[in-house]
Protein chains: 2
Amino acid sequence: MSLFSEVSTTDLVTQIARQITAAIVAGQLKPGERLTELQLSREFGTSRAPVREAARLLESQGLVTFSPRRGFFVRTFNATEMRDIYELRIGLELHAGCLAVERATEADIAGLEAQLSLLYQNQKGSQASLETQMFEDFTFHRMLCKAGGNARLLKVYDELAMEMRAGITLIGKLYDDPQRMAETHEPIMEALKKRDGEELREALRYHIAVARDEVVALFHEIEKGA
Amino acid sequence: MSLFSEVSTTDLVTQIARQITAAIVAGQLKPGERLTELQLSREFGTSRAPVREAARLLESQGLVTFSPRRGFFVRTFNATEMRDIYELRIGLELHAGCLAVERATEADIAGLEAQLSLLYQNQKGSQASLETQMFEDFTFHRMLCKAGGNARLLKVYDELAMEMRAGITLIGKLYDDPQRMAETHEPIMEALKKRDGEELREALRYHIAVARDEVVALFHEIEKGA
DNA sequence: TCAATGACGATTGTCGACAATTGACACTTA
DNA sequence: TAAGTGTCAATTGTCGACAATCGTCATTGA
């Protein structure tokens with residue numbers, strides 16, 4: 001059986017990149033694992049050329065690394081890199097938040113509230129997989145960034161989100177209490193509704209710093225174990 | 001004569017990407033211009049494969065755009081995009097500045113002061129081309145970001161810097177008074193030496209906002225003219 | 001005159017092939 | 001035994017070729 005699900009109808013390179021990305025953030029391809037061009041091309045039923053281009057694309061997004069003459073490997077993260085990623089996220093999201101305070105439409109805010117209620121619903125069915133939780137959480141924060149109205153910022157945020165997902169998958173746990181997870185977003189929502197930039201910054205800073213500390217701590221454990 | 005200078009001794013794809021990048025930020029390749037694979041491959045004396053990979057790399061960096069079945073084009077910027085870029089830069093650089101306040105070593109600060117004196121020297125010989133000025137200016141700000149000690153942030157900043165260079169080249173003017181340009185960096189330097197985060201943020205915010213307003217205004221003019 | 005159509009050249013998308021390089025493993029030698 | 005050496009399979013780097021597609025431009029018809 002193939003690791004990758006079926007393709008749809010767009011650019012082949014993009015498709016391949018998407019599929020590899022999905023396999024990485026889902027943890028099917030493990031960090032450090034080698035991506036053999038020939039093997040992947042057989043998986044996709046193509047030649048090596050589009051696979052190489054897709055891999056280069058992912059390299060630029062930080063999901064795979066590349067060594068000349070050795071090939072592509074699923075990127076590994078260490079604690080320092082994860083700290084940098086979350087630290088950068090703080091900078092980006094606080095900035096986006098300030099912009100959103102000025103630019104967010106009522107529709108943006110309504111959308112965020114809807115998304116927040118989704119976070120709460122996740123716990124009821126308890127069917128909510130770690131993956132679903134993670135996705136809904138990221139969606140909330142992405143919507144906030146989008147409300148900032150800066151397309152370039154959003155692009156960076158999306159790349160960062162991919163790396164965070166890949167890193168978190170590596171850990172496995174996290175997100176153990178969906179109820180609390182949803183609640184921690186309330187102060188953010190409140191500050192935005194009041195359009196209070198300073199309060200929003202503080203709420204976001206705290207919220208993300210907590211996540212950062214958790215993730216970084218877990219990575220330190222992993223490194224000690226390894 | 002070739003647009004591109006001679007190569008050195010590393011990975012071919014990287015080399016090609018570097019050369020195309022140089023041609024773009026130097027304005028030899030104009031925005032909207034088509035990048036024909038065959039033509040470029042002849043320029044470099046290679047086949048199309050490495051050129052394609054290099055172009056895809058540049059696409060991910062935002063220097064060229066790509067339309068399926070139509071090929072690669074030097075990216076065009078409009079006023080909104082330039083605003084977004086500078087706005088994002090503000091967020092990044094202020095964040096990096098705050099980190100630098102805590103993490104910058106004495107060597108970092110000494111390096112920044114040396115770079116600042118370079119900015120002053122630029123005017124003496126008056127040989128200082130627009131390109132040199134721009135480069136020295138960017139180097140200063142990059143060093144500041146580097147002093148923040150966040151590799152991931154620095155990577156984003158570098159990509160952004162490329163886009164800014166490409167955009168500024170498109171304008172042509174700017175940087176007309178080297179003396180004043182150097183002086184405007186003093187408040188930044190002062191705040192960092194005092195390790196006063198809030199003051200540094202304000203100095204940077206003002207400094208970059210001025211640049212942003214100039215650039216965006218010039219782009220609005222261009223758009224009106226076009 | 002102008003819009004629609006069709007053919008053609010130019011360019012991209014993908015492929016399979018071959019040379020160059022790497023890493024591993026067996027083999028020699030002290 | 002341990003270090004060094006040579007060989008070999010596996011993989012990457014690059015190439016040239018061909019089919020698919022796009023844009024252009026002349027032609028046709030009203």
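Just so we're clear, the structure is a prediction, and the values are computed from it rather than from any experiment. These values consider heavy atoms only, across backbone and side chains, with no hydrogens, waters or symmetry-generated copies. Chain letters run A, B, ... following the sequence lines, proteins first, then strands; residues in each count from 1.
Nearest-nucleotide positions on DNA chain D for B:Arg48 and B:Arg34 put B:Arg48 closer to the 5' end. Each of B:Gln39 and B:Ala49 has a nearest nucleotide on DNA chain C; the 5'-most of these lies closest to B:Gln39.
The only member of B:Glu33, B:Glu81, B:Glu59 that meets salt bridge (Lys or Arg N to Asp or Glu O under 4.0 Å) when paired with B:Arg75 is B:Glu81. Screening B:Arg89, B:Arg142, B:Lys146 for a salt bridge (Lys or Arg N to Asp or Glu O under 4.0 Å) involving B:Asp158 leaves a single residue, B:Arg142.
For the pair A:Glu163 and B:Arg152, the salt-bridge criterion is met [side-chain N within less than 4.0 Å of a carboxylate O]. With salt bridges taken as basic N to acidic carboxylate O contacts below 4.0 Å, one links A:Arg103 and B:Glu87.
Of all nucleotides in DNA chain C having an atom under 4.0 Å from a heavy atom of chain A, the first and last in 5' to 3' order are C:dT14 to C:dG23.
Regarding A:Leu12, its CG atom lies at a distance of 15 Å from the C1' atom of D:dA19, rounded to whole Å.
With sequence neighbours excluded, no residue forms a side chain to side chain contact (heavy atoms under 4.5 Å, CB included) with A:Arg69.
Residues from residues 52-74 of chain B placing a heavy atom under 4.0 Å of any atom in DNA chain C, listed by number, are B:Arg52, B:Phe66, B:Pro68, B:Arg69, B:Arg70, B:Gly71.
For B:His207 and B:His185, the ring centers sit closer than 6.0 Å to each other.
Cation-pi contact between B:Arg56 and B:Phe66: present, with separation from the ring centre below 6.0 Å and deviation from the ring axis of at most 45°.
With hydrogens and angles disregarded, a donor-acceptor distance shorter than 3.5 Å links the side chain of B:Thr169 to the backbone of B:Val25.
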